[in-house]
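This report refers to the structure that appears directly beneath it.
One is the number of the first residue; the rest follow in order along the sequence. If you're wondering where the values come from, they're calculated on a predicted model, not measured in any experiment.
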Amino acid sequence: MTEIERHHTSERMSQIVTYGDMIYLAGQVAAPGASVTEQTRGILDQIDTLLVEAGSSKDNILQAIIWLASMDDFAEMNAVWDAWVPAGKAPTRACGGAPLATPDYKVEIIITAVRG
């Protein structure tokens, strides 16, 4: 039977959880107080790093869930996202507005991927 593996685990959460070839990343945030562009770039850099650690890459993302503190920032976030996603390999995606953990966070991204 496949084991669940957890990495970068605290009492509250793990940054990476894998089960077989499935990879689940915790919601990623970056650079509190920075612009939406800077936060999105920082988050995507973190996602790249975590996926490599888990044995994958952005080519193997199945789903992205994006939370914005304000939907007014949708176009700014998408400009960074669209430049980052590999051509022809866009994952399924949802994007919604919600208050985040602190007002300093404007973007949070949750990823599900597979190894490969």
Inset, instruction - Taking the side chain as every heavy atom from C-beta outward, state whether Ile43 and Val107 have any pair of such atoms under 4.5 Å apart. - result: yes

Inset, instruction - State, yes or no, whether a side-chain contact exists between Cys95 and Asn78 at a heavy-atom distance under 4.5 Å. - result: no

Inset, instruction - Using modelled atom types only, decide if a donor and an acceptor are shared between the side chain of Gln39 and the backbone of Val36 within a distance under 3.5 Å. - result: no

Inset, instruction - Examine Tyr105 and Met13 and state if one hydrophobic cluster contains both, with Ile, Leu, Val, Met, Phe, Trp and Tyr joined whenever side-chain heavy atoms are less than 4.5 Å apart. - result: no

Legend entry - Partners meeting ring-ring contact (aromatic ring centres under 6.0 Å, His included) with Trp81 (sequence neighbours left out): Trp84

Legend entry - Spacing of Tyr19 atom OH and Glu3 atom CD [to the nearest 0.5 Å]: 10.0 Å

Inset, instruction - Could you check Ile65 against Ile109 for side-chain contact (heavy atoms from CB on, under 4.5 Å), going step by step and ending with a plain yes or no? - result: CA-CA 6 Å; Ile65 300 170; Ile109 302 177; over 6 Å; no

Inset, instruction - Answer yes or no: is there a donor N or O on one side and an acceptor on the other, between the side chain of Thr92 and the main chain of Leu62, under 3.5 Å? - result: yes

Inset, instruction - Quick one: pull up CG in Leu50 and OG in Ser56 and give me the separation to the nearest 0.5 Å. - result: 11.5 Å

Inset, instruction - Using the rule that two of Ile, Leu, Val, Met, Phe, Trp, Tyr join whenever any of their side-chain heavy atoms come within less than 4.5 Å, decide whether Trp67 and Val80 are in one cluster. - result: no

Inset, instruction - Mind running side-chain contact (heavy atoms from CB on, under 4.5 Å) on Ile16 and Thr18 for me, showing each step along the way? - result: CA-CA 7 Å; Ile16 305 169; Thr18 61; 3.9 Å; yes

Legend entry - Under 3.5 Å donor-acceptor, Arg115 side chain and Asn60 backbone: no

Inset, instruction - State, yes or no, whether a side-chain contact exists between Val85 and Lys58 at a heavy-atom distance under 4.5 Å. - result: no

Legend entry - Beyond-backbone contact of Leu51 with Leu25, side-chain heavy atoms, under 4.5 angstrom: yes

Legend entry - Listed once per pair and sorted, the ring pair (Phe, Tyr, Trp, His ring centres under 6.0 Å) pairs that draw on residues 20-62, sequence neighbours left out: none

Legend entry - Stepwise side-chain contact (heavy atoms from CB on, under 4.5 Å) check, Ile4 with Val17: CA-CA 7 Å; Ile4 298 171; Val17 174; 3.7 Å; yes

Legend entry - Pairs meeting criterion salt bridge (Lys or Arg N to Asp or Glu O under 4.0 Å) with involvement of residues 6-32, two or more places apart: none

Inset, instruction - Please examine the side chains of Ile111 and Gln63, heavy atoms only from C-beta on, and report whether any two atoms are closer than 4.5 Å. - result: no

Legend entry - Side-chain (Ser14) to main-chain (Ser10) donor-acceptor, under 3.5 angstrom: no

Inset, instruction - State yes or no: do Ile47 and Met77 share one hydrophobic cluster built from I, L, V, M, F, W and Y residues joined by side-chain heavy-atom distances below 4.5 Å, directly or via other members? - result: yes

Inset, instruction - Go through Leu100 and Lys106 one step at a time and tell me if the side-chain contact (heavy atoms from CB on, under 4.5 Å) criterion holds. - result: CA-CA 7 Å; Leu100 300 180; Lys106 298 176 175 127; 5.6 Å; no

Legend entry - Residue pairs involving residues 67-77 (criterion salt bridge (Lys or Arg N to Asp or Glu O under 4.0 Å); sequence neighbours excluded): none

Legend entry - Non-neighbouring partners of Asp59 that pass side chain to side chain contact (heavy atoms under 4.5 Å, CB included), sequence neighbours left out: Ser57, Pro86, Lys89

Inset, instruction - Would you kindly confirm whether Ile110 and Val52 end up in one hydrophobic cluster when ILVMFWY residues are joined by side chain heavy atoms under 4.5 Å apart? - result: no

Inset, instruction - Applying side chain to side chain contact (heavy atoms under 4.5 Å, CB included), name anything that partners Gln46, two or more places apart in sequence or on another chain. - result: Gln28, Ala30

Inset, instruction - To the nearest 0.5 angstrom, please state how far the CD1 atom of Ile23 sits from the CD atom of Glu53. - result: 10.5 Å

